[in-house]
Amino acid sequence: MKLDGTKFQIKVWKEIAKIPYGETRTYKQLAEAIGYPKSYRAVANACSANPYAPHIPCHRVIRSDGTLGGYSAKGGIDKKRRLLKQEMS
DNA sequence: CACATGACCTAAC
DNA sequence: TGTTAGGCCATGT
């Protein structure tokens, strides 16, 4: 599959794609995983810019507090909540 | 190149 | 426990 975006975004998306079903990762963890521990802010941006949702499990990415944060894809934050609840069942 | 934006994070009140 | 303020970073205008 070919991801269309900047180098940074590609890395982020690829890392997100590695998240196993039913699991969640924080934006910070993701940032560290790709080698940009301080770019967690941009990581969140990359997710919002992800045009491959929900093909890319960006809904499994949450804040460090444990809150869901947000979801720009169709369905909004509610959709994100549902998907997670369903995957964790 | 300078400025504005956002699905963030931490500390302080 | 809820809100505010400052710092951080890639992107788009």
Side-chain angles (χ1 to χ4, degrees):
Chain A
M1 66 180 286
K2 46 185 188 217
L3 272 39
D4 194 25
T6 71
K7 271 292 169 49
F8 185 78
Q9 291 176 153
I10 304 297
K11 272 182 173 282
V12 174
W13 294 336
K14 280 193 176 181
E15 198 58 39
I16 293 177
K18 293 179 188 172
I19 303 177
Y21 181 90
E23 301 246 342
T24 59
R25 299 288 285 293
T26 69
Y27 294 97
K28 204 171 187 182
Q29 296 254 336
L30 235 58
E32 292 177 7
I34 64 178
Y36 296 80
K38 289 183 299 219
S39 307
Y40 46 87
R41 192 56 129 91
V43 169
N45 242 352
C47 288
S48 65
N50 163 40
Y52 304 93
H55 174 62
I56 301 289
C58 54
H59 59 269
R60 293 182 194 157
V61 186
I62 62 179
R63 302 194 7 166
S64 298
D65 306 53
T67 56
L68 297 184
Y71 198 66
S72 299
K74 191 159 94 178
I77 185 61
D78 185 57
K79 182 71 175 181
K80 181 170 182 177
R81 217 173 314 187
R82 281 209 202 194
L83 288 168
L84 287 177
K85 188 168 187 178
Q86 186 176 357
E87 293 186 2
M88 298 214 201
S89 61

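Below, read A as the first sequence line, B as the second, and so on, with proteins coming before strands; counting in each chain starts at 1.
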Student: May I have the distance from A/Leu30 (atom CG) to C/dA10 (atom C1'), rounded to whole angstrom?
Tutor: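 After rounding, the gap between these two atoms is 15 Å.
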Student: From CG of A/Asp65 over to P of C/dT1, roughly how many Å is that when rounded to an integer?
Tutor: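 These atoms are roughly 13 Å apart.
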Student: Rounded to whole angstrom units, what separation is found between the OH atom of A/Tyr40 and the C1' atom of C/dC9?
Tutor: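 Value for this atom pair: 9 Å.
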Student: Report the nucleotide, chosen from C/dC8, C/dA10, B/dC8, that has the shortest atom-to-atom distance to any side-chain atom of A/Lys38.
Tutor: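 Of C/dC8, C/dA10, B/dC8, C/dC8 is nearest to the side chain of A/Lys38.
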Student: Between the base of B/dA7 and the side chain of A/Ser72, is there a donor-acceptor distance below 3.5 Å?
Tutor: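 Checked by distance alone, the answer is yes.
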Student: Which nucleotide in the list C/dA10, B/dC9, B/dA7 gets nearest to the side chain of A/Cys47?
Tutor: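 For the A/Cys47 side chain, the nearest candidate turns out to be B/dA7.
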Student: Do A/Arg41 and C/dC9 have a side chain to base donor-acceptor pair shorter than 3.5 Å?
Tutor: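 Side chain to base: no pair below 3.5 Å.
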Student: Once you round it to whole Å, what is the distance between P of B/dC9 and CD of A/Glu32?
Tutor: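 Rounded to the whole Å, the gap is 11 Å.
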Student: If you count the non-hydrogen atoms of other residues, nucleotides and ligands that lie under 6.0 Å from CG in A/Asp65, is the total more than 12?
Tutor: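 Yes, the 6.0 Å shell around CG holds more than 12 heavy atoms from other groups.
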Student: State, with a plain yes or no, whether a side-chain heavy atom of A/Gln9 is found less than 4.5 Å away from one of A/Leu3.
Tutor: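 A side-chain contact is absent here, since even the closest heavy-atom pair is not under 4.5 Å.
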Student: Does A/Ile56 belong to the same Ile/Leu/Val/Met/Phe/Trp/Tyr cluster as A/Val61, with side-chain heavy atoms less than 4.5 Å apart forming each link?
Tutor: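 As far as the 4.5 Å side-chain criterion goes, A/Val61 and A/Ile56 are connected within one cluster.
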Student: Need one value for A/Ser39: base, sugar-phosphate or nothing, where a base atom within 4.0 Å counts as base even if backbone is also close, heavy atoms only.
Tutor: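 Touches sugar-phosphate only.
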Student: What is the separation between atom CD1 on A/Ile10 and atom P on C/dA10, rounded to the nearest whole Å?
Tutor: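 The answer, rounded to whole Å, is 16 Å.
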Student: Rounded to whole Å, how long is the line connecting atom OH of A/Tyr71 with atom P of B/dA7?
Tutor: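 For the pair A/Tyr71 OH and B/dA7 P, the rounded distance is 13 Å.
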Student: Between A/Ile34 (CD1) and C/dC9 (C1'), how many Å, whole number?
Tutor: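 Atom-to-atom, A/Ile34 to C/dC9, this comes out as 11 Å.
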Student: Taking N and O atoms by type only, does the side chain of A/Tyr27 place a donor or acceptor under 3.5 Å from a partner on the base of B/dA7?
Tutor: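 Under the 3.5 Å cut-off, the side chain and the base do form a donor-acceptor pair.
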Student: Going only through I, L, V, M, F, W and Y residues with side-chain contacts under 4.5 Å, is there a path from A/Ile19 to A/Val43?
Tutor: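 Yes, it is one cluster - the side chains of A/Ile19 and A/Val43 are joined through contacts under 4.5 Å.
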Student: A/Asn45 has a side chain; which of B/dG6, B/dA7, C/dC9 sits nearest to it?
Tutor: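 Looking only at side-chain atoms, A/Asn45 lies closest to B/dG6.
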Student: Is there a side-chain contact between A/Lys14 and A/Ile34, using heavy atoms and a 4.5 Å cut-off?
Tutor: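 A/Lys14 vs A/Ile34: side chains apart.
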Student: So, is A/Ser64 close to the B/dC9 phosphate, meaning a side-chain N or O under 4.0 Å from OP1 or OP2?
Tutor: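 True: A/Ser64 side-chain N/O within range (under 4.0 Å) of B/dC9 OP1/OP2.
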Student: Of the nucleotides B/dT10, C/dA10, B/dA7, which one has an atom closest to the side chain of A/Lys28?
Tutor: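 So the side chain of A/Lys28 is nearest to B/dT10.
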Student: Whole Å only: how far is the NZ atom of A/Lys11 from the P atom of C/dC9?
Tutor: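 Rounding to the nearest Å, NZ of A/Lys11 and P of C/dC9 are 17 Å apart.
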